[in-house]
Structures are given as structure tokens and as C-alpha cells.
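Down below is the structure, laid out as C-alpha cells.
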Protein chains: 2
Amino acid sequence: MKRVTLIDVGKESGVSAITVSRALRNPERVSPELRERVYAAVKKLGYVPDSAASTLASRRSTVIGILVPSFSNHVFSDVLAGASDTIEGSKYSVQIANTGYSALKEEALVPRFLTMKPAGMIITGVDQTQATRDMLAGADCPVVQIMDVSDDPIDLIVGFSNFQAAVEAVEHMVEQGFRRIAFVGTRMDPRTQQRLRGYRQTLEKYGLFDERLLITTPKKSSVEIGRHLLGELLETAPDCDGAFCNNDDVAVGIALECQNRNMRCPDDFGLCGFNDLGTTSQMNPPITSVFTPRADIGAAAARYILDRNAGQQPPENRCVDLGSTLKVRASTLRNDRKERQ
Amino acid sequence: MKRVTLIDVGKESGVSAITVSRALRNPERVSPELRERVYAAVKKLGYVPDSAASTLASRRSTVIGILVPSFSNHVFSDVLAGASDTIEGSKYSVQIANTGYSALKEEALVPRFLTMKPAGMIITGVDQTQATRDMLAGADCPVVQIMDVSDDPIDLIVGFSNFQAAVEAVEHMVEQGFRRIAFVGTRMDPRTQQRLRGYRQTLEKYGLFDERLLITTPKKSSVEIGRHLLGELLETAPDCDGAFCNNDDVAVGIALECQNRNMRCPDDFGLCGFNDLGTTSQMNPPITSVFTPRADIGAAAARYILDRNAGQQPPENRCVDLGSTLKVRASTLRNDRKERQ
DNA sequence: TTGACAAATGATTGCGCAATCACGTAGATT
DNA sequence: AATCTACGTGATTGCGCAATCATTTGTCAA
């Protein structure tokens with residue numbers, strides 16, 4: 001498998017190598033008939049450009065770097081899928097790393113990405129270390145933070161307000177008559193902390209906040225941990241009448257544990273998940289959850305990078321809030337059951 | 001941010017650039033004191049190697065390419081996590097693309113990966129097109145197929161027998177007294193087809209196979225589709241007394257739909273999932289599922305690539321069967337309920 | 001007719017590194 | 001003492017492409 005170079009293509013089509021390069025990168029700069037000849041030669045010889053050489057010469061690669069905290073969290077798989085679908089068909093490709101929810105690991109990863117002169121970077125959240133922020137700000141490529149909103153993005157931020165999402169959910173639960181609403185939180189990453197703030201502020205507004213209703217763990221979320229945490233919650237606060245969970249897995253676990261304990265939902269216990277990953281809507285009863293536009297966020301972030309690389313100017317507003325949507329379902333509907341679905 | 005090159009580091013430490021290169025790539029080839037001097041200079045100047053230049057000069061990059069059919073399928077997130085964890089800390093990085101379960105898309109993706117002279121390739125399954133196989137076989141890097149077994153791998157294959165896994169599961173269900181066992185299949189990718197073969201062969205062995213018990217859809221698996229497919233199944237074959245599902249999501253959906261229809265599990269209906277993604281074990285009743293060592297497969301594939309690049313020879317046996325484990329739970333236990341868990 | 005200018009193509013150079021070969025020195029071997 | 005060898009280091013070169021500048025040809029206005 002001998003490597004076919006621009007020179008070979010040039011010989012085949014009777015022009016110089018540099019003209020071939022132009023024909024491929026700026027087709028409008030060469031005459032139409034030459035363009036066709038070059039394309040034919042490329043096809044005939046099976047020429048594929050050497051990305052390393054191209055990167056070295058132009059100081060710009062076609063790699064888009066994506067940093068997510070975890071691969072196994074469905075939320076981020078959806079982000080990746082959205083970004084990947086948007087990039088597909090373009091000349092760009094994605095390189096991915098996970099930070100394991102560690103800002104320091106992230107700080108080590110960023111320079112590794114930057115040395116390959118990426119065409120863009122997508123990074124989760126706003127809680128980078130100052131060093132990471134500085135590196136990214138100094139990087140000569142578009143940088144998109146995702147999954148949150150901020151007044152002070154590095155370049156662009158695409159996401160939704162975790163705080164606001166929590167406020168809406170908890171407001172809804174209060175409105176439906178729940179008074180002893182727990183916060184069940186796993187992992188406790190920065191975005192979960194935002195949700196906790198929204199929860200707390202809302203309950204405080206109604207004078208319903210109680211420290212004993214906070215059940216948190218640094219462990220990753222899962223159905224199993226959800227079951228376990230309900231047990232813990234009921235020991236700490238037996239009079240608890242509902243829970244706002246930072247994740248759907250946990251909510252599903254709690255729902256299953258409710259079944260086990262013969263607690264009826266929503267009559268004995270109201271339940272709200274987060275992210276609306278799909279299973280919640282299928283449970284018996286269906287579980288209320290905050291839908292987050294994960295795939296759209298990934299797609300919008302990728303789109304921005306593509307556009308910037310195509311010469312487009314950044315928008316005036318550097319914070320794209322895609323919002324979240326409270327999906328109200330039976331697990332929190334005590335009043336007006338008729339009107340809602 | 002001026003780029004720091006090997007020359008700069010050389011000046012700082014009083015040697016030539018090439019010696020610095022050697023000190024970094026083959027530390028044992030330079031004298032210890034020089035090594036320390038170079039390391040100090042690297043640190044002082046903040047030198048980071050240029051991967052494009054390195055790739056161009058050595059015709060070998062540090063990128064490991066991974067092709068999976070889908071990001072949103074949990075199975076592949078786990079594979080990625082396993083591979084990523086193994087690679088972490090090494091000089092390698094992962095570049096990922098999804099093929100959308102299309103062999104043709106895969107065929108288009110492979111040359112794109114190969115042009116960057118990857119340090120290794122991980123690709124899902126054995127059903128590549130001949131062109132893809134040829135490209136990979138001709139590629140000058142280790143290639144690992146995953147998630148299946150084969151007598152004729154391109155280079156190495158790491159996985160388990162989907163056929164055998166299905167045989168074990170269905171044998172178990174027959175042994176537990178189920179006689180009208182359905183196969184509920186989504187997506188119907190090649191590995192699901194293997195499972196279908198195992199299912200079919202086992203039932204035929206007992207004279208229990210019936211076309212009407214096959215319920216399949218090209219749609220992707222989800223809890224929702226599981227619910228739906230149970231309805232479909234019960235219309236086609238009302239006397240059906242159990243189901244072997246190609247995926248846990250589907251099994252969970254069926255379990256929830258059973259609750260809805262007041263069908264008791266396992267008394268009225270036996271249920272077995274596939275992959276054992278975590279939720280199955282938490283359901284009421286817990287659902288039997290075939291555990292597949294996804295993270296281990298990703299890790300083993302990455303490990304092989306690392307080892308080969310470190311000069312290690314390939315093993316004699318080119319097929320690494322990591323096996324699967326049937327997790328027997330209440331959803332299929334009709335007999336001997338005491339003995340098992 | 002001339003000059004000015006634009007469009008199309010070519011020549012040269014260098015991106016930063018590693019492969020290859022060359023060289024020098026010190027100690028070992030005969 | 002002459003030769004050999006191992007080891008540590010340096011010089012040269014080229015990987016394949018794109019930035020930059022240079023050249024040619026054609027077009028049109030004055």
C-alpha cells in the first residue's frame with residue numbers, strides 16, 4: 001500500500017502538487033475543468049490526504065476535542081451522539097476523553113488536546129480550574145462549555161440552568177401539595193449542586209426547607225443506590241412525602257423501592273427525576289422528570305465549532321440557553337389529575 | 001503563546017534537539033545526568049511535543065481509533081469506559097466514531113482513521129465488508145474486533161459468544177419449565193442475530209420452536225418498545241409463557257407491562273434480559289439477565305494495542321473469549337426457588 | 001496599443017519531529 | 001600497543017502538506 005501523495009495526483013492530472021491541494025481545499029479557486037480532472041485523478045489513485053502533514057503545515061487540525069466527566073452516564077452519551085451526528089459528513093472528527101469528574105484530571109487533559117491544534121473544544125460545565133480556563137482562553141480555536149449557563153463563558157456556553165430546572169420541579173411539587181420534599185443527590189458534581197441550590201431556595205421561600213431532608217452521596221447514580229437511599233431517607237425523615245432526585249436512575253430506584261414497601265406513588269410519596277432518560281415515563285406510575293436537551297446541546301456545540309471554522313462570526317450572546325422542560329407525570333400529580341397528562 | 005520546540009529545549013540543556021528527542025522517547029539511551037537536565041528544561045520551558053510533527057516524521061500516531069455502532073447504547077459506553085481507563089496515563093488517546101450500525105458507513109470511516117496512522121484500531125463485531133476487512137488487514141497497526149468471537153479474526157478478537165450466551169439462557173428457561181418462550185429482538189444487528197440462532201437451535205432441540213414466538217423490530221431497544229412488543233407478542237401468541245430478550249431495556253419494558261396487565265412474573269410469564277445493565281437486578285421481581293463483560297472487553301482490547309506498540313508479540317490464540325454469565329434471578333425461577341438466588 | 005488588473009497556476013520554503021547514518025570517546029580484548 | 005566494541009551524542013535529511021510569493025495568461029478600459 002504505497003502512499004499516494006499530492007505529487008502523484010498532480011502528475012496524473014498534469015498539474016503541480018500545490019494546485020491539486022488548492023483544487024481540494026478551495027475548489028472555487030481553480031478552473032472547473034481542472035477541478036474535474038483533479039477529482040478524477042484523486043478517485044483513480046485513491047488519494048487520501050495525510051492529516052498529520054496537513055496539520056503540521058497549516059497549524060490547524062480537523063480534530064474536535066470533547067471532554068465529558070463520564071462515558072457511562074447516559075446524559076453524556078447523548079451529548080456525544082448529538083455532536084457526532086452534527087459533525088458526521090464534515091471533514092472533522094471527534095476525539096474524546098473523560099475527566100472522571102475531576103477538575104485536575106481535566107487540567108492535565110486540556111494541554112494534551114491543545115497540542116494537536118484542535119479545530120474546536122467542547123468541555124463540560126463551568127467549573128474548570130483557573131489554569132484550565134486560561135489555557136482554553138488562549139487556545140486558538142472555538143471553545144464551547146456545555147450543560148450549564150453562565151455570564152462569563154470562556155468563549156461560548158450551551159446548556160440550560162440547572163438551578164432554574166430545579167426551581168420549576170420543586171415549585172410544581174409544592175403546588176401539588178407535597179410539603180416534606182427530600183433532595184436525593186448522587187455524585188454531587190457542580191451541576192447537581194446547582195440543582196440543590198434551586199431546591200433549597202424554593203423550599204426556603206415556602207418555609208419548607210429542612211436539613212434532614214437532604215440525602216446525598218458521592219457515589220455515582222444507579223437504580224440500586226436509589227433504592228438504598230430511600231431506605232436511608234425514611235430513617236432520617238419518616239414523615240417525608242416526596243423526593244426530588246438529581247437523576248432518573250435514582251428516581252426509578254426509589255419508585256421500585258416504594259413498590260416494595262407498599263408506599264403508593266403519588267399518594268404516599270411524590271417523585272421527580274432529572275434528565276428524563278426514557279425509563280421514567282414507562283414506570284408504573286409514570287415518573288415526573290426534568291427533560292434536558294442533551295443531544296441538542298451536543299449538536300449546537302458542534303455546530304458552533306463548524307460555523308466558526310467556516311469563517312462565521314460568533315454571536316453577540318455568548319450564552320445559549322436551550323432550557324429544560326418539566327415533564328409532569330402521575331408520580332407528582334395529586335391535584336387536578338384530570339387536566340394534566 | 002510561542003511554541004516551544006525540541007531545539008529550544010536543546011539550547012536550554014546544552015545539547016542538540018535530536019538528543020532531547022531521544023531523552024524523551026528512549027530515556028535509557030542517554031546518560032542519566034543528561035536525562036535529568038533535559039527533563040528540567042522541558043519542565044522549565046513547558047515543552048509539549050507536537051503530535052502532528054511526530055506523526056509525520058515517524059509515520060505513527062498515538063491515536064487509538066474506536067468504532068462502535070452507537071453511543072447511546074449502554075453496552076458501548078461501557079466498552080469505551082473500559083478502553084479509556086486502560087489507555088489513561090499512557091501517551092495514547094482515543095478517537096471515536098459511531099457507525100450507526102451500518103457496514104457501509106463503517107467502510108467509509110475506516111480509511112479516515114487509517115490515514116492518521118493510528119496506533120491501533122478497535123472495531124465492533126465481525127461483520128465488516130470485505131473492503132473494510134482488507135483495509136484493516138493491510139493497516140500497519142494492531143486491530144481488535146470486539147463483542148464477538150470468531151475463528152478468523154482480522155488480527156485479534158475479544159468478546160464472547162452471543163450464540164452460546166443465548167443457548168445458556170434459553171436452556172435455563174426450558175429447564176425451569178417454560179415451554180412457549182418468545183424471542184423479543186430489537187435492532188437485529190449481527191450479534192442479535194447470533195443470539196436468535198442460539199435461541200432457535202435450543203428450542204428446536206426440545207421441539208419447542210415456533211415461528212409465531214419471534215417478535216422482532218428494526219427499531220432501537222428501549223423500555224417503551226419493550227412494553228409495546230409484549231402487547232404485540234400476546235396478540236400473536238397468547239399462550240406464550242416467557243420471553244428471552246436481546247436487551248435489558250426491552251426486558252424491563254416487558255416486566256413493567258406485565259405489572260400493568262396483572263401478569264405475574266415468573267408464574268405467568270418468565271423473563272430474561274441481555275447484558276445485565278444494572279436495572280434488571282433491581283426490578284420487582286429481579287430479572288434474570290446475561291451479564292456481558294463489556295468494560296473488560298474494552299480494557300482487554302486497549303491493553304493488546306498498548307502491548308503490541310510496546311513491542312510485545314501477539315498471543316498464539318487470536319480469539320479471546322471472555323465469556324458471559326447468566327445471572328439467574330426470580331423472573332425465571334419457577335422450580336427450586338430455594339436453592340438459587 | 002498600452003497598461004492595469006484579475007484569474008489561474010507554479011515554485012519555494014518550512015512546519016517540528018524522528019530515521020538514518022556518522023562520529024568521537026572510553027574501556028575491553030587480543 | 002593495536003584493535004575492537006559499546007555507548008553517547010550530533011548532523012543531515014525528509015515526512016506531506018499549505019503559506020507565501022512569483023509568474024503567466026487573458027481581459028478590458030483609456
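Residue numbers begin at 1 in each chain, while the letters A, B, ... track the order of the sequences.
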For B:Lys105, I'd like to know if atom NZ has over 12 heavy atoms of other residues, nucleotides or ligands within 6.0 Å.
yes
>> Can you tell me if B:Ser31 touches the phosphate of D:dT9, counting only side-chain N or O atoms and a distance under 4.0 Å to OP1 or OP2?
In response: yes
Just checking B:Leu34: base, sugar-phosphate only, or nothing, at a heavy-atom cut-off of under 4.0 Å?
sugar-phosphate
Here the distance between atom P of C:dA8 and atom CZ of A:Arg29, to the nearest Å, is 9 Å
Test side chain to side chain contact (heavy atoms under 4.5 Å, CB included), reference A:Thr19, set A:Val9, A:Leu34, A:Leu24, output is A:Leu34
### Query
D:dA18 phosphate, OP1 or OP2: any side-chain N/O from A:Ser54 under 4.0 angstrom?
yes
How would you label the contact of A:Leu6 with the nucleic acid (heavy atoms, under 4.0 Å): base, sugar-phosphate, or nothing? sugar-phosphate
Rounded to whole Å, the CG-P distance (B:Asp50 to D:dC17) equals 17 Å
A:Arg22 atom CZ is separated from D:dA18 atom P, nearest whole Å, by 11 Å
Note to self: Given the structure, check if the side chain of A:Arg59 and the base of C:dG16 hold any donor-acceptor pair shorter than 3.5 Å.
What the structure shows: no
Taken to the nearest whole Å, CD/B:Glu36 to C1'/D:dG8 is 16 Å
note: A:Ile7, atom CD1; C:dT12, atom P; distance rounded to Å ~ 13 Å
Q) Within less than 4.0 Å of OP1 or OP2 of D:dG10, is there a side-chain N or O belonging to B:Ser16? A) yes
Students often get this wrong, so: under 4.0 angstrom with heavy atoms, is B:Arg25 touching a base, only sugar-phosphate, or nothing? sugar-phosphate
To the nearest angstrom, the CD-C1' distance between B:Glu28 and D:dT9 comes to 15 Å
note: B:Lys91, atom NZ; C:dC17, atom C1'; distance rounded to Å ~ 13 Å
Ranking A:Gly14 and B:Tyr47 by the position along DNA chain C of their nearest nucleotide, the one closer to 5' is A:Gly14
Closest to the side chain of B:Ser21, out of D:dG16, C:dG10, C:dA18, is C:dA18
Among the nucleotides D:dG10, D:dT20, D:dC15, whichever has the atom closest to the side chain of B:Thr19 is D:dG10
Here the pair of heavy atoms bringing B:Arg60 nearest to B:Asp140 is NH2-O, 2.5 Å
On DNA chain D, more 5' by nearest nucleotide between A:Val48 and B:Pro32 is B:Pro32
note: B:Ile18, atom CD1; C:dG16, atom P; distance rounded to Å ~ 16 Å
Checklist entry - Do the side-chain N or O atoms of A:Ser58 get closer than 4.0 angstrom to the phosphate oxygens (OP1, OP2) of D:dA19? => result no
Nearest heavy-atom contact between B:Tyr304 and B:Pro315 is CE1-CD, 3.8 Å
- Does B:Arg191 pair with B:Asp189 as a salt bridge, N-O distance under 4.0 Å? yes
